[in-house]
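Have a look at the structure below, then the notes.
Just so it is clear: chains get the letters A, B, ... in the order the sequence lines come, proteins before strands, and each one is counted from 1. Being a predicted model, the structure only gives us computed values, none of them experimental.
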Protein chains: 2
Amino acid sequence: MITEAAKDSIRAVIYIALYREDREFISIKEIAQTLNLSFYFLSKNLLKLVKAGILESFRGPKGGVNFKKDPKEVKLIDIISAIDGTYIFESCILGFKECSETNPCAIHNKWAEERKRLYDMFNISVKKVADEIKSGEIKNIKI
Amino acid sequence: MITEAAKDSIRAVIYIALYREDREFISIKEIAQTLNLSFYFLSKNLLKLVKAGILESFRGPKGGVNFKKDPKEVKLIDIISAIDGTYIFESCILGFKECSETNPCAIHNKWAEERKRLYDMFNISVKKVADEIKSGEIKNIKI
DNA sequence: AAATTTTAAGATAATTTTATCTTAAATTTG
DNA sequence: CAAATTTAAGATAAAATTATCTTAAAATTT
Ligand code: SF4
Ligand code: SF4
């Protein structure tokens, strides 16, 4: 569905949204340790979000990453797109290379709808996800 | 979402359902050539369906594969399960290892519903897919 | 200024998935 | 029976993804 890289990244931005409070930057090490993710892999992936303009980063002690865009404006779709690309939401579920909409296979109508729904599901802001986690009174992010 | 192996296999069984007519066995070579798939990869994957009891196979000239179960009884879900396992339809979209249903994250309710819908989408028999392709008057399977 | 911390960038390695090849076994054909 | 055809099984290789490591650059701390 979506890659591990994208899943890790989504969890990371949710973590940042939840725990940045008034800090300027949150270190990737802290995120990786708390979420039990590989620091190396996460670093590489979050860098993509930096390059996509979603996060900003800062080097040195006190360094780390933080939102560049307002988390209210960052949708999970944006994370997935930056990491995996948008292909999933445009792809054929059966892997046909060429296929006409005008003469679709038996599951196309269903798939076209699901694809849209999956897109909609991820079309939710990081802030909203974080707020809902908070409102559920979850004390620590589950790992 | 589902692996290439599963997609290839689904297309192959649909092909068999469409073109077996009264033949005892359809050679994997024929399927691979028509669908423009790797004979090697397809052979290996269809063998899994044989072992799962969905197809049966026969060696030698006139050999090949064909349905062991009635294609009316074979759902796309069965193909996917035999090839990829059922994990997708039980998995967490964010990749959390532990997560309680009683205190779910913001997208869990949506994901749980989508997961179910995706399952339902694939819970369609090979026969039904083949029949709908036929009724749509598609002359050749699109590749 | 030197040592330390942290991201940046790119090399390297491990794992998983996909693809290919080889040999063997079963079956048919001639 | 010999040759040809086709799946079976497992080895090997290529590609993609995931994971790790190394060195450099930027910033802070001492
Ligand atoms: S019609 Fe079927 S095979 Fe073609 S793109 Fe849609 S889902 Fe895929
Ligand atoms: S609650 Fe969210 S994180 Fe947990 S299993 Fe459901 S979708 Fe995954």
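A salt bridge links B:R117 to A:E114: one of the charged nitrogens lies within less than 4.0 Å of a carboxylate oxygen. A salt bridge does not link A:E113 with A:K110: none of the charged nitrogens is closer than 4.0 Å to a carboxylate oxygen.
Atom CD in A:Q33 sits about 13 Å away from atom C1' in C:dT6, given to the nearest Å. In this entry the distance linking CD1 of A:I26 with C1' of C:dT7 reads 14 Å, nearest Å. Taking atom CG on A:N45 and atom C1' on D:dT20, their separation rounds to 13 Å, with Å as the unit. Between the P atom of D:dT7 and the CG atom of B:L55 lies a distance of 12 Å, rounded to the nearest Å. Atom CZ in B:F58 sits roughly 12 Å away from atom C1' in C:dA25 (whole-Å rounding). The nearest whole Å value for the distance from the CD1 atom in A:I83 to the C1' atom in D:dT17 is 13 Å. When the C1' atom of D:dT17 is taken as reference, atom NZ of A:K7 falls 13 Å away, rounded to whole Å. Residue A:N66 contributes atom CG, which lies 16 Å from atom P of C:dT6 at whole-angstrom precision.
Applying the 6.0 Å contact sphere to NZ of B:K128 captures no more than 12 heavy atoms from other residues, nucleotides or ligands.
B:M121 and B:I88 fall within the same hydrophobic cluster, defined by Ile, Leu, Val, Met, Phe, Trp and Tyr side-chain heavy atoms under 4.5 Å apart, directly or through other members. Linking ILVMFWY residues whenever their side-chain heavy atoms come closer than 4.5 Å, directly or via other members, leaves A:I79 and A:F41 in distinct clusters. In the hydrophobic clustering of ILVMFWY residues, with side-chain heavy atoms under 4.5 Å counting as a link, B:V74 and B:F25 come out apart.
Close to C:dA9, at under 4.0 Å from its OP1 or OP2, lies a side-chain N or O of A:K51. The phosphate of D:dA8 (OP1 or OP2) has no side-chain N or O of B:S43 nearer than 4.0 angstrom. Within the 4.0 Å cut-off from OP1 or OP2 of D:dT29, at least one side-chain nitrogen or oxygen of A:K62 is found. Taking 4.0 angstrom as the limit, A:S27 places none of its side-chain polar atoms (N or O) nearer than this to OP1 or OP2 of C:dT5. Within the structure, every side-chain polar atom (N or O) of A:S38 is placed at least 4.0 Å from both OP1 and OP2 of D:dT18.
If you check every strand for non-hydrogen atoms under 4.0 Å, A:I28 touches sugar and phosphate atoms only. Counting any heavy atom pair closer than 4.0 Å across all strands shown, B:F25 reaches no nucleic acid atom.
Residues A:D8 and A:P61 both approach DNA chain D. Their nearest nucleotides, taken by heavy-atom distance, put A:D8 toward the 5′ side. Annotation: of the two residues near DNA chain D, B:K29 and A:G60, the 5′-most nearest-nucleotide partner is B:K29.
The nucleotide whose nearest atom lies closest to any side-chain atom of A:F41 is, among C:dT18, D:dT6, D:dT20, D:dT20. The nucleotide whose nearest atom lies closest to any side-chain atom of A:K44 is, among D:dA19, C:dA8, C:dT28, D:dA19. Side-chain atoms of A:A5 lie closest to D:dT18 of the nucleotides D:dT6, D:dT18, D:dA26. Taking the side chain of B:Y40 as heavy atoms from C-beta on, and the options D:dA8, C:dT18, C:dC21, the nearest nucleotide is C:dC21.
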